[in-house]
Colleague: 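Next up is a structure, given as structure tokens.
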2 protein chains.
Amino acid sequence: MNAPTATRQRLVSTAGDLFRRQGYHATGLSQIVKESGAPRGSLYHFFPGGKEELACAALEASAAQFRAGLLAEMASVDTLEEKVRATFDFVARELETSGFEAGCPVATVTLEASSKSALHAVCAGYFEQWRKFVEGMLVEGGIETKRAVGFSTVMLSAIEGAMLICRARKSTEPLEQVRDALTAMLPKNA
Amino acid sequence: MNAPTATRQRLVSTAGDLFRRQGYHATGLSQIVKESGAPRGSLYHFFPGGKEELACAALEASAAQFRAGLLAEMASVDTLEEKVRATFDFVARELETSGFEAGCPVATVTLEASSKSALHAVCAGYFEQWRKFVEGMLVEGGIETKRAVGFSTVMLSAIEGAMLICRARKSTEPLEQVRDALTAMLPKNA
């Protein structure tokens, strides 16, 4: 990787990590530059749109990393029930590994971005992308499309909500309880 | 109401509103004092613990107001299915009335409070209080306790997650979709 690309990547990953851990507002551009070790002028060179543009890149990188991790997890399971359980377990492990400090970056930015910010549309795009991922998993597992749409909406919302509750409780138990209850509610035509 | 009580209440309601709309970090104590119209010295008089203590009072007031509104909504419906639908519709209306600016104050504080903050335990307490409220509604509607515990965990998580997605999309559709899908999944021994 050439030096400019590496600098850009360091800025993006540092920003993503800080946004997840301490929030979007609490993270200043100077902290991102300092912790990434990037040259001072590089931020506006790579992100002339400033914090919002950097946040978009950080969300994109976090989502890609999350997707790759989840797909790797899925590779070792077969049935739909196992896949649903693996999704919750992957999210729970990510939360626990960070000491319950790093939750969903899209959730954090959604709550903190001003209602006039273009970031909301970006966040909505990720939520829909994830819901469709779950819908595809359900349809592939034999659930008819209409029920898969409804169940995927419940499952994505419940994962996002349970992550919040896990962070407040500093425990993965809420995700495990939702996992068990939702698995038992899986449509039976699977 | 005497003057000191009124001043305290103005500080609490202004803080609660600002935390919900613009987030916990983005809201400074000076803005709260200014927008509440309270005398400058009153904040530390009523809240010697500063922002965290004020946040606890604001969460308590928001939760009490939410509970009163929800109970009023419940008074006009009879069946369990209607109660579940009314819960989602009440949350959706609250969001829509604020122009999708004011979400769940407990969610906002959970994501933004430092992991060392005492506020996390306070937030966890509200999440559990709300789950128990839903559990009670389900048991009263004829669902056996074990299933009511599981379903209430899913329902509370899904409401919290759907509120997030509604804010990103600036639409109540995600809450409506989760409401319809979850209502169809209600245990049938009701």
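Throughout, a chain's letter reflects where its sequence line sits, starting with A, and its residues are numbered from 1.
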Colleague: Heavy atoms only: give me the nearest A:Glu81-A:Leu186 pair and the separation to one decimal.
Modeller: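 Here A:Glu81 and A:Leu186 meet closest at CA-CD1, 4.0 Å.
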
Colleague: If you look at every heavy atom in A:Ile143 and A:Ala148, which pair is closest and at what distance?
Modeller: CG2-N, 3.8 Å

Colleague: Could you look at B:Tyr126 and say if it's the side chain, the backbone, both or neither that has a heavy atom under 4.5 Å from chain A?
Modeller: neither

Colleague: Report the distance from atom CZ of A:Arg40 to atom NZ of A:Lys34, rounding to the nearest 0.5 Å.
Modeller: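 Here the rounded value is 10.0 Å.
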
Colleague: Minimum heavy-atom separation for B:Ser42 to B:Pro39, with atom names?
Modeller: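 Nearest heavy atoms, B:Ser42 then B:Pro39: OG-O, 2.5 Å.
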
Colleague: Between CZ of A:Arg147 and CG of A:Leu138, what distance do you get to the nearest 0.5 Å?
Modeller: 11.0 Å

Colleague: Is there any residue in residues 152-176 of chain A with a non-hydrogen atom under 4.5 Å from a non-hydrogen atom of chain B, and which ones are they?
Modeller: A:Thr153, A:Val154, A:Leu156, A:Ser157, A:Ala158, A:Glu160, A:Gly161, A:Ala162, A:Leu164, A:Ile165, A:Arg167, A:Ala168, A:Arg169, A:Lys170, A:Pro174

Colleague: Decide yes or no on salt bridge (charged side-chain N to carboxylate O under 4.0 Å, His left out) for A:Arg131 and A:Glu128, but give the supporting numbers first.
Modeller: CA-CA 5 Å; A:Arg131 191 203 59 71; A:Glu128 181 58 10; 3.0 Å; yes

Colleague: Sort by residue number and list every residue of residues 19-31 of chain A having at least one heavy atom under 4.5 Å from chain B.
Modeller: A:Gln22, A:His25, A:Ala26

Colleague: Going through the checks in order, is the side chain to side chain contact (heavy atoms under 4.5 Å, CB included) test met by A:Phe151 and B:Met185?
Modeller: CA-CA 9 Å; A:Phe151 196 89; B:Met185 292 181 206; 3.4 Å; yes

Colleague: Report, one line per pair, each donor and acceptor closer than 3.5 Å where one atom sits in a side chain of residues 52-64 of chain A; sequence neighbours left out.
Modeller:
| unit_1 | atom_1 | unit_2 | atom_2 | d |
| --- | --- | --- | --- | --- |
| A:Glu52 | OE2 | A:Ser117 | OG | 2.9 |
| A:Glu53 | OE1 | A:Gly49 | N | 2.5 |
| A:Ser62 | OG | A:Ala58 | O | 3.0 |

Colleague: Has B:Ser98 got a side-chain atom pairing as donor or acceptor with B:Leu95's backbone, closer than 3.5 angstrom?
Modeller: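 Such a contact is found between B:Ser98 side chain and B:Leu95 backbone.
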
Colleague: Is there a side chain to side chain contact (heavy atoms under 4.5 Å, CB included) between A:Phe46 and A:Val12 once you walk through the steps?
Modeller: CA-CA 10 Å; A:Phe46 289 113; A:Val12 168; over 6 Å; no

Colleague: Checking the side chain of B:Thr87 only, and the main-chain atoms of B:Lys83 only, is there a donor and an acceptor separated by less than 3.5 Å?
Modeller: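 The answer is yes, because a donor-acceptor pair under 3.5 Å joins these two groups.
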
Colleague: Tell me the residues of residues 99-112 of chain A whose non-hydrogen atoms fall below 4.5 Å from those of chain B, in number order.
Modeller: A:Glu101, A:Ala107, A:Thr108, A:Thr110, A:Leu111, A:Glu112

Colleague: Answer with side chain, backbone, both or neither: which region of A:Lys116 has an atom nearer than 4.5 Å to a non-hydrogen atom of chain B?
Modeller: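 Side chain only.
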
Colleague: Compare all side-chain heavy atoms of A:Leu80 with those of A:Met137 and state whether any distance is below 4.5 angstrom.
Modeller: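 Touching, per the 4.5 Å side-chain cut-off.
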
Colleague: Can you confirm whether more than 12 heavy atoms, excluding those of A:Gln65, are under 6.0 Å from its CD atom?
Modeller: no

Colleague: Provide the closest heavy-atom pair for B:Phe133 versus B:Leu70 in the form atom of the first, atom of the second, distance.
Modeller: CE2-CD2, 3.6 Å

